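Nothing here was measured: the structure is a model prediction, and the numbers come from that model. In each ligand, atom 1 is the first atom listed, and ligand 1 is the first ligand listed.
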Amino acid sequence: MALREEGIPGLLVTQREVSGTVVKDAASGTVFRRSRREVGRRMLRQRFNVGVVGAGYVGLVTAACLSHIGHEVTCLDRNEERVADLKEGRIPIYEPHLEELVSECSSQGRLQFTTDLAGVAQRADILFIAVDTPQAQDGSADLSSVKAVAQSVGQALAKIGTKRDHPLVVVNKSTVPVGSGDYVSMLIEEGASEEGNGAVDYQVVSNPEFLREGSALYDSLFPDRIVLGSDEREALDTMRALYRPILEQTFPAPIDPRPKIAVPFITTDLASAEMIKYAANAFLATKISFINEVSTICELVGADVGSVAHGMGLDERIGSRFLSAGIGWGGSCFPKDVSALRSIAREYDHAPLMLDAAVAVNECQRKRVIAKLQRELHTLKGKRIALLGLAFKPNTDDLRDAPSLEIAKALDHYGARVVAYDPVASKKALGGLVPELRVVFDPYEALSGARAAVVVTEWDEVRALDLQKAASLMKKPAVLVDGRNALDPGKVRAAGIRYRGFGRG
Ligand code: NAD
Ligand code: UGA
């Protein structure tokens, strides 16, 4: 296929030359073309009927943002309780500003919630798949949720046959291994065949998501880029029209608007779009592991990793973001996505040496917390230790693969009594994620009687601790291991608490 240039001035974007208007009858294999006029008419339409499958961190944010920019959105989930809550305006996750945006869009009638996948798939112009793709036992991505959705979409489309006046654009927003676009197509067609009808009208697109938890609305409305992969030109055009208000930054900005600049729209083939997502996450995780490796060497030679990161980061080729040293990366995505990419490489008999090293460094960072505590307290048995922060990063309640849980388990294993505080995630952590972990709702309650404290999550509430009060409540000699280099070592020491950071002090 020939490549051609496209789009935004100053930016070289390549796109495969694709036919765009092909409709295929999966049963008979017949291929026919849709009229150009019909396609053109739809492209001019500004408002689309959008379905979003999965009302989690990504699905809910996507649904709310697409609704905010003017589309009619139905967000659906198989979890009936979650859908019932959303209908009542209760948001199942903590994400800043999301509740307000969902409430605004719902009250204007542009955002609905349901459990009826078939109905949504039959009516929608565009259907996003934003379901979970967790890490399987063998380290690969578990695609069972994606599979269930794709098969149901095939069955739903088969029931209406060729009654649609345009193909359903099925957009994969879940993070999935290379080749999943074709896998989704196959499952849609298999689902349709099960219903005895092969004439299903759909096009598959990969649209990887780059939002960060804690700043998800900002990242979705003001993205660095939008990436689309498909072999169908028509589907890419539909997606461009869907995202136009974001690409041109013409929507009413509900939060923190940044200067209006055109957002790069990158179109590519399916496999490359899927690979961009894994490569981006793996690079960011590796960047953090790199600075963590440097931080360990800083400790050995007596350098300060904060100054080193600052001096490195001002080089534009390096960039200053994601150079914060500490206990390392966790969360619902970096660990599983790096693991999935390593697993993909191994499928092709390639040893992903750099990714293996990034993971090894990350595992070391957690162990270094324990080592620092042991150096100060000697035995941890019978010592009360406060964990300040549980969420894998500030501004989220997400505890999936949170470093806090690993650290709590290790401390528990060594016989310490662990008491944890988090301004938002404490409630979620009450569910017994780590046996013997005591969870409290006040940082000073966690610190009371503790010999040591570990800063696990750099929440504002943790940064703003009253250190004098903390020192007065802790057992002497008190020690603080700052897993995020978030506190001022001088101030901690001035309060009478020993300070141990990462690559500093
Ligand atoms: P999540 O677990 O918060 O939400 C997934 C939702 O999908 C759940 O509510 C679940 O009930 C629903 N679901 C699962 N199977 C379903 C089915 N068959 N029918 C209907 N609903 C179904 O997951 P998430 O964090 O939103 O992540 C979704 C995907 O996006 C993952 O692939 C993830 O890697 C990717 N991603 C996540 C983030 C993030 O910050 N969380 C960022 C970028 C990409
Ligand atoms: C990350 C990516 O940043 C998003 O672009 C991506 O969409 C998302 O994963 C995903 O695929 O789910 P997220 O996991 O929400 O987003 O959070 P990050 O801000 O990237 O932080 C990840 C982890 O790295 C956290 O545990 C954080 O504490 C840690 N981190 C981050 C550091 O240890 N040092 C840093 O300098 C930055």
Would you call [X] a ligand 2 contact, heavy-atom distance under 4.0 Å?
X	value
G326	no
E458	no
S324	yes
L323	yes
R484	yes

(request) List the steps and the verdict of side-chain hydrogen bond (donor to acceptor under 3.5 Å, both in side chains) for Y94 and E213. (result) CA-CA 9 Å; Y94 177 85; E213 292 182 18; over 6 Å; no

Which residue owns the protein heavy atom closest to [atom], what's the atom, and how far is it?
atom	value
atom 14 (O) of ligand 2	F392 CE1, 3.4 Å
atom 4 (O) of ligand 1	G56 CA, 3.2 Å
atom 30 (N) of ligand 2	I288 CD1, 3.5 Å
atom 8 (C) of ligand 2	L211 O, 3.5 Å
atom 18 (N) of ligand 1	V149 CG2, 3.5 Å
atom 5 (O) of ligand 2	F210 O, 2.8 Å
atom 21 (N) of ligand 1	R78 N, 3.2 Å
atom 21 (O) of ligand 2	K393 CD, 4.1 Å
atom 39 (C) of ligand 1	E213 OE2, 3.5 Å
atom 42 (C) of ligand 1	L211 O, 3.5 Å
atom 3 (O) of ligand 2	R212 CG, 3.3 Å
atom 14 (C) of ligand 1	D132 OD1, 3.1 Å
atom 35 (C) of ligand 1	T175 OG1, 3.4 Å
atom 13 (N) of ligand 1	V131 CG1, 3.6 Å

Within the 4.0 Å heavy-atom shell around [X], which atoms of ligand 2 are there?
X	value
F334	1 (C), 2 (C), 3 (O), 9 (O), 20 (O), 22 (C)
K277	6 (C), 7 (O), 10 (C), 11 (O)
E209	7 (O)
E213	15 (O)
N281	2 (C), 6 (C), 9 (O), 10 (C), 11 (O)
W329	23 (C), 24 (O), 26 (O), 29 (C)

(request) Describe, in one word, how the ring planes of H71 and F48 are oriented to each other, choosing from parallel (under 30°), tilted (30 to 60°) and perpendicular (over 60°). (result) tilted

(request) Please work out whether the ring planes of H68 and F251 are parallel, tilted or perpendicular, with thresholds of 30° and 60°. (result) perpendicular

(request) Take atom NZ of K428 as the centre, draw a 6.0 Å sphere, and report whether it contains more than 12 heavy atoms from other residues, nucleotides or ligands. (result) yes

(request) Please indicate whether F283 has more than 12 foreign heavy atoms, meaning atoms of other residues, nucleotides or ligands, lying under 6.0 Å from its CZ. (result) no

If you measure from the Lys or Arg side-chain nitrogens to the Asp or Glu carboxylate oxygens, is any gap between [X] and [Y] under 4.0 Å?
X	Y	value
R212	D219	yes
E299	R368	yes
D356	R342	yes
E72	R110	no

Would you mind running through ligand 1 and noting each atom that sits below 4.0 Å from a heavy atom of [X]?
X	answer
T133	31 (C), 32 (O), 34 (O)
V53	19 (N), 20 (C)
K277	43 (C)

Test item: side-chain donor near acceptor, [X] and [Y], under 3.5 Å:
X	Y	answer
Y421	E461	no
R504	Y499	yes
N292	S289	no
D142	S144	yes

(message) Evaluate D116 against T114 for side-chain hydrogen bond (donor to acceptor under 3.5 Å, both in side chains), listing each step before the verdict.
(response) CA-CA 6 Å; D116 174 22; T114 182; 5.1 Å; no

Nearest neighbour of [atom] from the list [options], on a heavy-atom basis:
atom	options	result
atom 11 (O) of ligand 1	N79, V58, D77	D77
atom 7 (O) of ligand 1	A141, S332, G54	G54
atom 33 (C) of ligand 1	K336, K173, R82, R400	K336

(request) Tell me, please, which residues at least two apart from A340 pass side-chain contact (heavy atoms from CB on, under 4.5 Å). (result) A141, Y278

(request) Tell me, please, whether F210 has R225 positioned over its six-membered ring: NZ or CZ under 6.0 Å from the ring centre and within 45 degrees of its axis? (result) yes

(request) Could you tell me which non-hydrogen atom of A124 sits nearest to which non-hydrogen atom of V50, and how far apart they are? (result) CB-C, 4.4 Å

(message) Determine whether a donor-acceptor pair (N or O, by modelled atom type, separation under 3.5 Å) exists between the side chain of S180 and the backbone of P177.
(response) yes

(message) At under 4.0 Å between heavy atoms, is it the side chain or the backbone of C333 that contacts ligand 1, or both, or neither?
(response) side chain

(request) For the residue pair L242 and L66, establish whether any side-chain heavy-atom pair is separated by less than 4.5 Å. (result) yes

(message) So for ligand 2, is P403 a polar contact partner (N or O within less than 3.5 Å, distance only)?
(response) no

(request) Return yes or no for this condition: an N or O of C333 is under 3.5 Å from an N or O of ligand 2. (result) no

